[in-house]
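Values below: all heavy atoms of this structure, side chains included; hydrogens, waters and symmetry mates excluded. Each chain gets a letter, A, B and so on, in the order its sequence line appears, and its residues count up from 1.
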2 protein chains.
Amino acid sequence: MSITSDILRGHTEAIILSHLLETDSYGYQINKDIMKKTDNRCELKEATLYSAFRRLEQAGYIRTYWGDETVGARRRYYSITEEGRRAYQVYRQEWEEAKAAIDQLLK
Amino acid sequence: MSITSDILRGHTEAIILSHLLETDSYGYQINKDIMKKTDNRCELKEATLYSAFRRLEQAGYIRTYWGDETVGARRRYYSITEEGRRAYQVYRQEWEEAKAAIDQLLK
DNA sequence: CAATATACATCGCCTGTCAAGGTATATTTT
DNA sequence: AAAATATACCTTGACAGGCGATGTATATTG
């Protein structure tokens, strides 16, 4: 069973930031990695992913640059900023609290 | 810090069903109880709550009846159905899976 | 007697998701 | 060589859930 978008909603940005904490990456790859990490249970649809990138960039949480691929399709890489790292910590904290609260409510 | 509605989204119906598993209740009370259970960290706004009630009723997960208050404002009570109990179990299962997946992604 | 609490309900906006569509390059299959 | 698939990017418009604002009515409290 895969996780509904309504449940994932609100975590999209944190998920992306978390991934960029490890290494710079690009859309297609991030998408694949997220699916792999969760045995295909989580999938961020492309449109969702790209609109999240826009928001994150607008917020100053990520920066973007074009890769220097000589073969294959061009890649737009994303890298997390200092502000992004701080924002991630807040997301993490929020997740811990939300988890506890929902656990409490669904007991 | 209170939990954002985007994180709560997708759990609203499960939270309500969970509450009705304990006892029949009415909107205002359910709202208060949810806040109390989570030290005011989760609040379902009235409009959110009532629209969730509509969906749950439509889905056949809850039934509704008017209380027989002789004093005070009238109360519309909600009670969970057998189908609702089954739906709740599915929500619970989904929550466990989502929790694991998000934990994995935010590691 | 004004304010606050209890209790229900609706309207319309906002925001994140995503189906559908598009572009371009490289590889694999038929 | 042509078709199919995979890699990689992006946009548009519709949809659904949350919720601010607003309205109704009754009871209590200062």
Side-chain angles (χ1 to χ4, degrees), chain A residues 2-17 19 24-36 42-59 61-62 64-78 91 94 98 102 105, chain B residues 2-17 19 24-36 41-59 61-62 64-78 91 94 98 102:
Chain A
S2 67
I3 287 139
T4 68
S5 56
D6 267 346
I7 288 181
L8 240 30
R9 191 184 183 119
H11 300 292
T12 317
E13 299 174 19
I15 289 168
I16 293 171
L17 289 181
H19 196 82
D24 286 11
S25 191
Y26 55 99
Y28 198 83
Q29 185 64 46
I30 291 173
N31 218 10
K32 289 267 175 287
D33 285 346
I34 288 169
M35 281 195 278
K36 197 176 171 195
C42 290
E43 188 196 359
L44 299 182
K45 297 296 157 53
E46 282 193 44
T48 304
L49 197 64
Y50 287 113
S51 68
F53 284 146
R54 298 292 155 265
R55 289 196 302 275
L56 287 166
E57 197 178 356
Q58 196 112 45
Y61 296 164
I62 60 173
T64 161
Y65 58 93
W66 286 101
D68 57 352
E69 283 70 44
T70 47
V71 294
R74 77 224 155 115
R75 294 171 180 171
R76 183 194 277 279
Y77 281 85
Y78 297 96
Y91 280 130
E94 277 176 2
I102 296 168
L105 291 172
Chain B
S2 67
I3 287 139
T4 67
S5 55
D6 268 345
I7 288 182
L8 240 30
R9 190 187 180 117
H11 299 293
T12 318
E13 299 174 19
I15 290 168
I16 294 170
L17 288 181
H19 196 82
D24 286 12
S25 192
Y26 56 97
Y28 198 84
Q29 184 64 46
I30 291 173
N31 217 10
K32 290 268 172 287
D33 285 346
I34 288 169
M35 281 195 278
K36 196 175 172 195
R41 274 193 285 271
C42 290
E43 188 196 0
L44 299 183
K45 298 295 156 55
E46 283 193 44
T48 303
L49 196 65
Y50 287 113
S51 68
F53 284 145
R54 297 291 155 265
R55 290 196 300 276
L56 287 166
E57 197 179 354
Q58 196 112 46
Y61 296 165
I62 59 174
T64 163
Y65 57 94
W66 286 100
D68 57 353
E69 283 70 45
T70 45
V71 293
R74 75 224 156 117
R75 296 169 177 171
R76 183 194 278 280
Y77 281 85
Y78 297 96
Y91 280 131
E94 277 175 3
I102 296 169

Inset, instruction - Using modelled atom types only, decide if a donor and an acceptor are shared between the side chain of B:Asn31 and the backbone of B:Leu44 within a distance under 3.5 Å. - result: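 The answer is yes, because a donor-acceptor pair under 3.5 Å joins these two groups.
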Can you see if the side chain of [X] gets near the phosphate of [N] - specifically, an N or O under 4.0 Å from OP1 or OP2?
X       : N      : answer
A:Tyr50 : D:dC9  : yes
B:Arg75 : C:dA7  : yes
A:Arg54 : D:dC10 : yes
B:Arg74 : C:dT6  : no

Is there a side-chain contact between [X] and [Y] in this structure, where contact means two heavy atoms from C-beta onward sitting under 4.5 Å apart?
X        : Y       : answer
B:Ile34  : B:Glu43 : no
A:Ile102 : B:Leu8  : yes
A:Tyr28  : A:Arg75 : no
B:Tyr65  : B:Asp24 : yes

Just the rounded figure in Å: distance from [atom2] of [N] to [atom1] of [X].
X       : N      : atom1 : atom2 : result
B:Ile7  : D:dC19 : CD1   : P     : 12 Å
A:Lys36 : D:dT7  : NZ    : P     : 12 Å
B:Trp66 : D:dA25 : CH2   : P     : 14 Å
B:Tyr77 : C:dA9  : OH    : P     : 13 Å
B:Ile15 : D:dG17 : CD1   : C1'   : 14 Å
B:Leu49 : C:dA9  : CG    : C1'   : 12 Å
B:Phe53 : C:dA7  : CZ    : P     : 13 Å

Nucleotide N/O to protein N/O under 3.5 Å, stretch nucleotides 17-20 of chain C:
from: C:dT17; atom 1: OP1; to: A:Thr12; atom 2: OG1; distance (Å): 2.5
from: C:dT17; atom 1: OP2; to: A:Arg55; atom 2: NH2; distance (Å): 3.2
from: C:dT17; atom 1: O3'; to: A:Ser5; atom 2: OG; distance (Å): 3.3
from: C:dC18; atom 1: OP1; to: A:Ser5; atom 2: OG; distance (Å): 3.1
from: C:dC18; atom 1: OP2; to: A:Thr48; atom 2: OG1; distance (Å): 3.0

If I compare all heavy atoms of [X] with all of [Y], which pair ends up nearest, and what's the gap?
X       : Y       : value
A:Gly27 : A:Leu49 : O-CD2, 3.4 Å
A:Ile62 : A:Glu57 : CG1-N, 3.5 Å
A:Tyr78 : A:Arg54 : OH-NH1, 4.1 Å

Inset, instruction - Might you confirm whether atom CD of B:Glu69 has over 12 heavy atoms from other residues, nucleotides or ligands at distances under 6.0 Å? - result: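 Yes - once you tally the heavy atoms of other residues, nucleotides and ligands closer than 6.0 Å, there are more than 12.
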Legend entry - Members of residues 25-35 of chain A that approach DNA chain C, where some heavy atom sits under 4.0 Å away: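 Hits under 4.0 Å, by residue number: none.
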